[in-house]
Amino acid sequence: MQTLFDATTINGMVLRNRLVRSATWEGMCNATGRPTPKLINFYQTLAAGGVGLIMTGYTFVRPDGKQIVGKMGIHTDAFADEYRAMTRAVHEAGGKIAVQLVHAGGQADTANAGRRPLAPSAVKLAQYPETPAELSTAEISEIVEAFGEGARRARDWGFDGVQLHGAHGYLINQFLSPLANRRTDAYGGSIENRCRFLMEVYHRVRETVGPDFPVLIKLNAADNLAGGLSPDEALVAATKLSAAGIDAIEVSAGTPASGKESPVRADIDAAEKEAYNLQLAKAIKMAVRCPVMVVGGFRSFAVADKAVRESGMDYISMARPLIREPNLPNRWLAGDRRSATCISCNGCFLPGIKEGGIYCVQDKKKEK
């Protein structure tokens with residue numbers, strides 16, 4: 001029987017347990033996307049806290065895919081020293097780290113992307129700050145190549161793997177969504193066509209890094225949005241990825257326009273509110289051959305352990321609890337199985353904008 005603290009391996013990457021730090025945004029890079037010592041220390045602290053695998057914050061592969069200030073960039077070889085220092089710090093603390101590659105597409109804005117945002121179709125959606133420009137086929141190919149180049153840098157700079165961001169309304173998810181993708185060419189229409197960009201990105205990344213380097217994806221199993229990607233369509237994408245050799249799928253759901261069913265829900269204060277993507281993840285687990293990770297409201301050891309033991313989840317992903325308690329995995333391993341102290345207030349993100357880095361504002365209140 002699987003347990004939460006099993007050692008596991010994903011395509012040669014040995015992990016000390018089944019706990020994953022899911023990607024978020026830390027706000028700890030400079031205006032160009034260059035990581036700071038503060039961010040490197042943030043990841044080193046996470047690694048020392050005992051989590052099995054760290055997914056970095058979402059990292060733009062091209063400047064026109066940047067969404068917000070302080071976001072990581074992996075679009076240039078100029079950041080090699082900082083990223084090598086990052087991976088070295090994590091490894092010295094006993095951890096493993098994969099960089100999450102993203103293009104924000106229509107969820108970028110002109111101020112951060114440096115131009116009018118690009119998207120599958122020039123339609124204004126609730127999650128877009130402005131009406132984007134429709135990507136040409138040539139531009140699509142250029143972005144595919146940028147994902148490949150980002151993955152090359154990640155491999156060369158000591159990361160243990162890469163994760164494609166195919167969730168939460170960003171560009172890969174936009175191509176998958178019939179709401180965002182109104183194209184009539186080979187990239188639009190049927191779900192098979194809407195998977196084309198995703199599969200081109202995956203194949204280019206795999207070609208770049210080779211067969212023995214872990215390539216993972218964070219995939220929406222549903223957009224939780226009228227007219228968006230449905231669970232049945234997400235299964236098509238997941239099975240295509242599995243057949244093509246993806247090394248693991250992290251299941252999430254929702255977009256910024258999904259209301260109470262957004263990716264980051266508030267007030268997770270009872271066990272029945274936790275694991276809100278688990279049923280979607282179970283459906284994908286039944287359809288694929290690769291390991292499946294699930295993120296979404298995990299706060300208690302009992303719920304996380306049950307998802308592994310009884311629901312067959314290979315990995316449990318968390319983000320906000322590890323902002324407040326980077327040592328949570330070690331605490332649970334030592335036998336203190338109390339729930340995470342995170343109250344899901346989402347207040348941790350505001351300091352990333354105002355103060356150059358996320359932190360738990362509840363702890364700051366206690367200090368005062």
Side-chain angles (χ1 to χ4, degrees), residues 1-10 13-24 43 46-47 49-56 94-98 100 160-161 163 165 167-168 214 216-221 238 246-254 263-265 268-286 288 290-344:
M1 181 180 291
Q2 296 184 167
T3 69
L4 202 55
F5 287 100
D6 294 333
T8 64
T9 302
I10 298 177
M13 176 174 61
V14 179
L15 305 178
R16 54 189 165 185
N17 56 52
R18 298 182 185 275
L19 291 168
V20 175
R21 185 271 191 172
S22 197
T24 183
Y43 290 142
L46 279 168
V51 71
L53 175 61
I54 297 167
M55 303 294 188
T56 70
K96 296 292 172 67
I97 185 168
Q100 188 186 71
D160 300 291
Q163 185 188 54
H165 201 335
H168 304 172
L216 303 85
I217 188 166
K218 189 171 198 169
L219 183 70
N220 257 17
I246 197 83
D247 291 308
I249 297 174
E250 183 183 21
V251 175
S252 190
V264 185
R265 303 182 192 181
I268 309 298
D269 54 7
E272 57 268 22
K273 295 182 181 180
E274 296 185 41
Y276 46 76
N277 293 319
L278 182 57
Q279 293 307 310
L280 292 167
K282 287 169 69 174
I284 286 181
K285 176 65 178 174
M286 292 177 64
V288 301
C290 63
V292 171
M293 305 171 172
V294 59
V295 68
F298 287 94
R299 298 292 178 270
S300 62
F301 175 86
V303 172
D305 191 54
K306 184 177 180 181
V308 170
R309 288 180 181 270
E310 298 184 13
S311 297
M313 293 297 103
D314 298 289
Y315 298 91
I316 304 300
S317 297
M318 297 183 290
R320 289 172 292 168
L322 295 174
I323 295 172
R324 187 168 193 178
E325 287 185 278
N327 196 52
L328 180 63
N330 281 341
R331 175 161 73 79
W332 281 354
L333 179 62
D336 181 351
R337 302 293 168 77
R338 290 173 299 157
S339 295
T341 56
C342 174
I343 64 171
S344 309

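In this text the structure is predicted, and so the values were computed from the model without any measurement. The analysis underlying the following values was restricted to heavy atoms, covering all of them including side chains, and did not include hydrogens, waters or symmetry mates.
Between Ala281 and Met313 the shortest heavy-atom distance is CB-SD, 3.7 Å. Smallest separation of non-hydrogen atoms from Leu15 and Gly52: CD2-O, 3.5 Å. In terms of heavy-atom proximity, Ala340 sits nearest to Leu328 at CB-CD2, 3.8 Å. The two atoms that bring Ala253 and Leu280 nearest to each other are CB-CD1, 3.9 Å, heavy atoms only. Gly95 approaches Arg16 most closely through the heavy-atom pair CA-NH2, 3.9 Å.
Not a single donor-acceptor pair under 3.5 Å links the side chain of Arg21 to the backbone N or O of Pro326. In this structure, the side chain of Trp332 does not engage the main chain of Ser339 through any donor-acceptor pair within 3.5 Å. With Asn17 contributing its side chain and Leu4 its backbone, the two residues share no donor-acceptor pair below 3.5 Å. Formation of a donor-acceptor pair under 3.5 Å by the Asp160 side chain with backbone atoms of Met13 is not found in this model.
At most 12 non-hydrogen atoms from other residues, nucleotides or ligands lie less than 6.0 angstrom from NZ of Lys306.
At least one side-chain heavy atom of Val288 sits less than 4.5 Å from a side-chain heavy atom of Ile249. Proximity of Leu322 to Pro329: side-chain heavy atoms (C-beta onward) are separated by under 4.5 Å at one or more points. The closest side-chain heavy-atom distance from Tyr315 to Ile10 is below 4.5 Å. Thr8 is not listed as a side-chain neighbour of Gln2, based on a closest heavy-atom distance of 4.5 Å or more. Taking 4.5 Å as the limit, every side-chain heavy atom of Leu216 sits out of range of all side-chain heavy atoms of Glu250.
Put simply, CD on Gln100 and OG1 on Thr24 are 9.5 Å apart, with the number rounded to the nearest 0.5 Å. With values rounded to the nearest 0.5 angstrom, Asn220 atom CG is found 8.5 Å from Asn277 atom CG. Here the CE atom belonging to Met55 is positioned 6.0 Å from the OG atom belonging to Ser317, to the nearest 0.5 angstrom. With rounding to the nearest 0.5 Å, the separation of CG in Leu333 from CG in Asn327 is 10.0 Å. Distance CZ/Arg320 to CD1/Ile343: 10.5 Å, rounded to 0.5 Å. From Ile323, atom CD1 reaches atom CG of Leu46 across 9.0 Å, with rounding to the nearest 0.5 Å.
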If you look only at distance, which donor and acceptor atoms sit under 3.5 Å apart when one is on a side chain in residues 295-303 and the other is two or more places apart or in another chain?
residue	atom	partner	partner atom	Å
Arg299	NE	Ser344	OG	3.2
Arg299	NH2	Ser344	OG	3.2
Ser300	OG	Glu274	OE1	3.1
Ser300	OG	Glu274	OE2	3.0
Ser300	OG	Val303	N	3.4

- prompt: So Ser22 and Met293, side chain to side chain contact (heavy atoms under 4.5 Å, CB included) or not? Walk me through it.
  reply: CA-CA 10 Å; Ser22 197; Met293 305 171 172; over 6 Å; no
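No hydrogens or angles considered: nothing links the side chains of Lys285 and Ser311 as a donor-acceptor pair under 3.5 Å.
The side chain to side chain donor-acceptor pair (under 3.5 Å) test with Arg18 singles out one residue from Thr3, Asp6, Asp305, and that residue is Asp6.
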